[in-house]
Novice: 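Mind looking over this structure? Questions follow.
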Amino acid sequence: MNWWRNLKGKFRLAEPLKNHTTFKIGGPAKFFLEPKDPNDLKLLLNLVKRYNLPIFLIGRGSNLLISDKGINGVVLRLNAPWFNKLSYKDNYLNVGSGVSLSKLVLFAKDHNLSGAEFLAGIPGTVGGAVAMNAGIAKDNRSIQDLVENVTVMDYSGNIKVLNKKDIRFRYRTSSLSRYIILSVLIKLKRKNREQIRDKIKAYLKYRKLTQDLSKPSAGCIFRNPTGHSAGRLIDLCGLKGKRIGDAGVSLKHANFILNLGKGSARDVCKLMDLIREKVKNKFNINLIPEVKIWQN
Ligand SMILES: Cc1cc2nc3c(=O)[nH]c(=O)nc-3n(C[C@H](O)[C@H](O)[C@H](O)COP(=O)(O)OP(=O)(O)OC[C@H]3O[C@@H](n4cnc5c(N)ncnc54)[C@H](O)[C@@H]3O)c2cc1C
């Protein structure tokens, strides 16, 4: 069944998803597709519906734990040039969902626009960051602070523009998961470029100091429970350095699980279960994964 033959974008069969996640974990996607533009995406969605295939949307894969068995369905990535457009007018940036956060931060700086500096060092795309409401806990800032509106496609192929007030943003989540984010309008403030550069440097330094970037990971594995730091709770359970197979709790930041070599999703899930059990027993707190777990 060559159902994809009329699509204009790129497609690959049995694509190893470990090549598309920062964890370097994930079995093959039966179909891996990169539509050329929204028309191509709409055609793809129609076909996927017709053949009743499950569909998964991937950005930079920096918040994903994907099953070692892979995905028996379609994995969709918006990485074609159409989804990587970046433009500005006055204090507004129009950013395609495939644009990396690092590119957005540098583009804003080059145009003397401030406000996005706290995103420096987060290894995701704009689409993934808005869907996850990515941010920085210490400053209580997240991307929702910048969003004016979001252009989305629903899974029937209809495009609409959602204003900020129509979107529910919460800590590391949003109501956008039922849509495909195409682009985002962001509002920033004019500032001196040197000041913006210094702020970017400070955020990069902070993340380098506090996060464990020595080995592949998906960043923080659990969400911070209200009023607590997940990392501190895990540390107080004595779990820093705990290892199952090639998945290990970071010695630097206990809420980071590292892939120490040939780590598998199975190892990571076992380690997550152990952490949850210990934290529940000691503090009676249920840790909730921040990382999205894909299996089907
Ligand atoms: C070393 C490291 C440090 C990190 N530091 C931080 C940090 O400081 N703060 C923070 O908040 N996060 C952090 N993260 C987590 C992660 O980078 C963010 O959540 C990021 O925003 C995810 O973007 P992504 O493109 O990688 O999304 P993915 O991981 O690919 O996907 C995440 C979710 O978004 C959905 N999604 C992706 N694209 C779209 C789209 N176009 N439309 C709709 N849904 C979409 C996916 O389906 C999935 O449910 C870190 C991760 C790592 C590895």
Novice: Cluster question for you: counting only ILVMFWY and a side-chain heavy-atom cut-off of under 4.5 Å, with indirect links fine, are Leu53 and Leu13 together?
Specialist: yes
Novice: Just jot down the salt bridge (Lys or Arg N to Asp or Glu O under 4.0 Å) partners of Asp246, sequence neighbours excluded, or say none.
Specialist: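 Testing Asp246 for salt bridge (Lys or Arg N to Asp or Glu O under 4.0 Å), a comparison that skips the adjacent residues, returns Arg243.
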Novice: Ignoring hydrogens and geometry beyond distance, is a side-chain donor-acceptor pair present between Asn158 and Ser156 at under 3.5 Å?
Specialist: no
Novice: Under 4.0 Å between a side-chain nitrogen and a carboxylate oxygen: does that hold for Lys240 and Asp235?
Specialist: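 Between Asp235 and Lys240 there is a salt bridge, with a charged N closer than 4.0 Å to a carboxylate O.
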Novice: For Arg207, give me all partners under salt bridge (Lys or Arg N to Asp or Glu O under 4.0 Å), at least two apart in sequence or on another chain.
Specialist: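 Arg207: no salt bridge (Lys or Arg N to Asp or Glu O under 4.0 Å) contacts found.
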Novice: Might you point out which heavy atoms bring Cys269 and Leu65 nearest each other, and give the distance in Å?
Specialist: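 Of all heavy-atom pairs spanning Cys269 and Leu65, the closest is SG-CD2, 3.8 Å.
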Novice: What residues, two or more places apart in sequence or in another chain, satisfy ring pair (Phe, Tyr, Trp, His ring centres under 6.0 Å) together with Phe83?
Specialist: none
Novice: Scan for salt bridge (charged side-chain N to carboxylate O under 4.0 Å, His left out) pairs involving residues 140-157, sequence neighbours excluded, and state none if there are none.
Specialist: Arg141-Asp145
Novice: Look at the side chain of Tyr171 and the backbone N and O of Asn224, then say whether any donor-acceptor pair between them is shorter than 3.5 Å.
Specialist: yes
Novice: Salt bridge (Lys or Arg N to Asp or Glu O under 4.0 Å) with Arg197: which residues, sequence neighbours excluded?
Specialist: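 Residues passing salt bridge (Lys or Arg N to Asp or Glu O under 4.0 Å) with Arg197: Glu194.
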Novice: Test your reading of the model: is there a side-chain donor-acceptor pair from Asn94 to the backbone of Ser87, 3.5 Å cut-off?
Specialist: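 Looks like no, no N/O pair under 3.5 Å.
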Novice: When Ile, Leu, Val, Met, Phe, Trp and Tyr are grouped by side-chain heavy atoms lying under 4.5 Å apart, directly or through other members, which residues fall in the same group as Val161?
Specialist: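 Taking Ile, Leu, Val, Met, Phe, Trp and Tyr as members, Val161 stands alone, with no cluster partners.
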Novice: Decide whether Asn112 and Arg190 meet the rule of one side-chain donor and one side-chain acceptor closer than 3.5 Å.
Specialist: no
Novice: Could you go through residues 257-264 and list every donor-acceptor pair under 3.5 Å that involves a side-chain atom there, pairing it with any protein atom two or more places apart or in another chain?
Specialist:
from: Asn259; atom 1: OD1; to: Gly261; atom 2: N; distance (Å): 3.1
from: Asn259; atom 1: OD1; to: Gly263; atom 2: N; distance (Å): 2.8
from: Asn259; atom 1: ND2; to: Phe23; atom 2: O; distance (Å): 2.9
from: Ser264; atom 1: OG; to: Asp267; atom 2: N; distance (Å): 3.1
from: Ser264; atom 1: OG; to: Asp267; atom 2: OD1; distance (Å): 3.4
from: Ser264; atom 1: OG; to: Asp267; atom 2: OD2; distance (Å): 3.2

Novice: Can you give the donor-acceptor pairs under 3.5 Å from side chains of residues 123-140 to other protein atoms, not counting sequence neighbours?
Specialist:
from: Thr125; atom 1: OG1; to: Gly128; atom 2: N; distance (Å): 3.1
from: Asn133; atom 1: OD1; to: Ser142; atom 2: OG; distance (Å): 3.0
from: Asn133; atom 1: OD1; to: Gln144; atom 2: N; distance (Å): 3.2
from: Asn133; atom 1: ND2; to: Ser142; atom 2: OG; distance (Å): 3.4
from: Asn133; atom 1: ND2; to: Gln144; atom 2: OE1; distance (Å): 3.0
from: Asn133; atom 1: ND2; to: Arg170; atom 2: O; distance (Å): 2.9
from: Asp139; atom 1: OD2; to: Tyr203; atom 2: OH; distance (Å): 2.6

Novice: Does anything in residues 110-157 form a ring pair (Phe, Tyr, Trp, His ring centres under 6.0 Å)? List the pairs, not counting sequence neighbours.
Specialist: Tyr88-His111, Phe107-His111
Novice: Taking only residues two or more places apart in sequence or in another chain, which ones pass side-chain contact (heavy atoms from CB on, under 4.5 Å) with Lys69?
Specialist: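 Residues passing side-chain contact (heavy atoms from CB on, under 4.5 Å) with Lys69: Ser67.
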Novice: Can you give me every donor-acceptor pair (side chain of residues 226-234, partner residue at least two apart or in another chain, under 3.5 Å) with its distance?
Specialist:
from: Ser229; atom 1: OG; to: Gly231; atom 2: N; distance (Å): 3.4
from: Ser229; atom 1: OG; to: Arg232; atom 2: N; distance (Å): 3.0

Novice: Testing the 3.5 Å rule here: is there a donor-acceptor pair between the side chains of Asn284 and Lys280?
Specialist: yes
Novice: What pairs with Asp273 under salt bridge (Lys or Arg N to Asp or Glu O under 4.0 Å), at least two apart in sequence or on another chain?
Specialist: Arg276
Novice: Please confirm whether the backbone N or O of Ser214 pairs with a side-chain atom of Asp212, one donor and one acceptor, at under 3.5 Å?
Specialist: yes
Novice: State, to 0.1 Å, how close Asn63 and Ala218 come at their nearest heavy-atom pair, and which atoms those are.
Specialist: OD1-O, 3.8 Å
Novice: Would you compute the distance between atom CG of Leu41 and atom CD1 of Ile180 and round it to the nearest 0.5 angstrom?
Specialist: 4.5 Å
Novice: Which of parallel (below 30°), tilted (30 to 60°) and perpendicular (above 60°) describes Phe11 and Trp4?
Specialist: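 It falls in the tilted class, 30° to 60°.
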Novice: Could you measure the distance from the CD atom of Glu34 to the CG atom of Leu76? Nearest 0.5 Å is fine.
Specialist: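 It comes to 9.0 Å.
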